[in-house]
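A quick note: this is a predicted structure, and the numbers were derived from the prediction, not measured. Counting convention: from 1, in listed order, for ligands and their atoms alike. Below, each value reflects all heavy atoms present in this structure, side chains not excepted, and no hydrogens, waters or symmetry copies.
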Amino acid sequence: MAKDVSEEVINNILFNYKGTYFASWVTSLQVVKDLEHMEVRESDVFLVTYPKSGTVWTQQILSLIFNEGHRNGTEKIENVNRMPWIEYNPNNIDFNSRPSPRLFTTHLPYYLMPRDLKSKMPKIIYVCRNPKDVLVSFYHFYKMIPPLKEPFDWETFFNLYISGRVMGGSWFDHVSGWYTHKDDFNILFMTYEEMKKDLKPAVKKICKFVDINLDEEAIDLVVEKATFKEMKQDPLANYIFLSNDIADKQRGVFLRKGTVGDWKNIMTVAQNEMFDKVYKEKMGDLPIKFLWDLNEENTS
Ligand code: PPS
């Protein structure tokens, strides 16, 4: 039976700003508010995702595309430092002193992004993943949250996610918000599933969007170093370096399974039906197609 999670438990780990929840053990309300005035450059590249949608994967791809020293292994810089999160910046990286082109990562909804985005029009890569796999990945991630002493059971987490009372807010609002406002930004939409199906064309698409010409050999290197297997053992990419105050690594890993369709192993038939109903209500008219299983090719 799902537990009725009190607002107090949620408020213990998250704070709400304008309808979106943030991890209060890693950032503060002031940091999030100040982002409205962040100085933006035309040459910036922002990777935007809802949590658990392939962020660290795309961070690795972009870091490899932009940095030869990352591709050939001569530079040992962790991806979180190459592409810092703007709203989660516990090491206080000074964004203004960074040379262009700067790469950033964020889980922000479109309406909380820096105001100058609309005038400077930097490049935005928005990666989304089918929301059932996001849910499962998120459920496991929540076990790693340090201030959450007792992890949520599956049913409880299912209900929290469906109602958007999780870090990052509602998946439905995040994806539909970015999608319906896409014309206000310079944006490339990618899906986790297309990357999973065939990574090389996905890498080429990203290269084209960010205007970086890599030869075939370099592209192959990016693809090789961005596979799940390679990343899992790459300490610059696998987030093992995070301190236990941010994610308790005794209780889980960032690179868990890296598959499409894992939701089938945990969602009940009733939960799946309920999910489909909510999905239809909230995403109804949007022409976004998701792959729910790599073998089935069934999209909706
Ligand atoms: S976070 O915490 O929001 O930054 O998480 P995020 O990186 O967005 O998502 C984590 C999931 O992405 C999977 N992942 C990958 N899948 C395939 N290939 C590669 N290379 C890869 N790297 C990360 C990771 O395993 C998480 O998914 P699950 O389903 O939990 O395995």
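- Among protein heavy atoms, the minimum distance from atom 20 (N) of ligand 1 is reached at Ala226 O, 3.0 Å.
- Distances below 4.0 Å separate heavy atoms of Tyr192 from the following atoms of ligand 1: 12 (O), 13 (C), 15 (C), 16 (N), 17 (C).
- Within the 4.5 Å cutoff, side-chain heavy atoms of Trp292 are placed close to those of Trp263.
- For the residue pair Asp94 and Ser97, a side-chain donor N or O sits within less than 3.5 Å of a side-chain acceptor on the partner.
- Side chains of Arg41 and Ser100: a donor-acceptor N/O pair is present below 3.5 angstrom, by distance only.
- With a 4.0 Å heavy-atom cut-off, ligand 1 is reached by the side chain of His107 but not by its N, CA, C or O.
- Taking the charged nitrogens against the carboxylate oxygens, Lys200 and Glu216 do have a contact shorter than 4.0 Å, which makes a salt bridge.
- Applying the side chain to side chain donor-acceptor pair (under 3.5 Å) definition to pairs two or more places apart or across chains, those involving residues 124-136 are Tyr126-His174, Arg129-Tyr192, Asn130-Asp133, Asn130-Glu193, Lys132-Asn272, Lys132-Asp276.
- Short contacts between ligand 1 and Thr227, defined as distances under 4.0 Å to a heavy atom of the residue, involve ligand atoms 20 (N).
- The contact set between ligand 1 and Gly54, taken as ligand atoms under 4.0 Å from a residue heavy atom, comprises 6 (P), 7 (O), 8 (O), 9 (O).
- Close approach of ligand 1 to Gly258 is summarised as follows: ligand atoms under 4.0 Å from at least one heavy atom of the residue are 16 (N), 17 (C), 25 (O), 28 (P), 31 (O).
- Of the inter-residue distances, the one linking Glu155 atom CD with Ile266 atom CD1 reads 11.0 Å to the nearest 0.5 angstrom.
- A heavy-atom separation below 4.0 Å is found between Arg129 and ligand 1.
- Thr191 meets the side-chain hydrogen bond (donor to acceptor under 3.5 Å, both in side chains) test with no other residue; sequence neighbours excluded.
- Close approach of ligand 1 to Val56 (heavy-atom distance below 4.0 Å) involves ligand atoms 4 (O), 7 (O), 23 (C).
- Ligand 1 has Lys52 within reach: a non-hydrogen atom of the residue lies less than 4.0 Å from it.
- Taking all heavy atoms of Val253, Asp262, Thr105, Thr55 into account, the minimum distance to atom 6 (P) of ligand 1 is reached by Thr55.
- In Trp85, the part holding a heavy atom less than 4.0 Å from any atom of ligand 1 is the side chain.
- Atom-to-atom distance recorded for Met38:CE and Leu117:CG is 8.5 Å, nearest 0.5 angstrom.
- The line from CD1 of Ile86 to CG of Leu35 is 5.0 Å long, rounded to the nearest 0.5 Å.
- Only the side chain of Met231 comes within 4.0 Å of ligand 1, judged by heavy-atom distances.
- When heavy-atom distances to ligand 1 are checked against a 4.0 Å cut-off, Pro51 comes that close through both its backbone and its side chain.
- When only non-hydrogen protein atoms are considered, atom 25 (O) of ligand 1 lies nearest to Arg256 N, 3.2 Å.
- Residue contact check: Ser137 has heavy atoms under 4.0 Å from atoms 11 (C), 26 (C), 27 (O), 28 (P), 29 (O), 30 (O) of ligand 1.
- Between Lys232 and ligand 1 there is no heavy-atom distance shorter than 4.0 Å.
- Considering backbone and side-chain atoms together, Thr259 places no N or O closer than 3.5 Å to any N or O of ligand 1.
- Ligand 1 is never approached by Thr49 to a heavy-atom distance shorter than 4.0 Å.
- Rounding to the nearest 0.5 Å gives a distance of 10.0 Å between OH of Tyr239 and CD of Gln60.
- With values rounded to the nearest 0.5 angstrom, Leu148 atom CG is found 8.0 Å from Tyr142 atom OH.
- Taking OH from Tyr50 and CE from Met167, the interatomic distance works out to 9.0 Å, rounded to the nearest 0.5 Å.
- Atom 24 (C) of ligand 1 has as its closest protein heavy atom Phe254 O, 3.3 Å.
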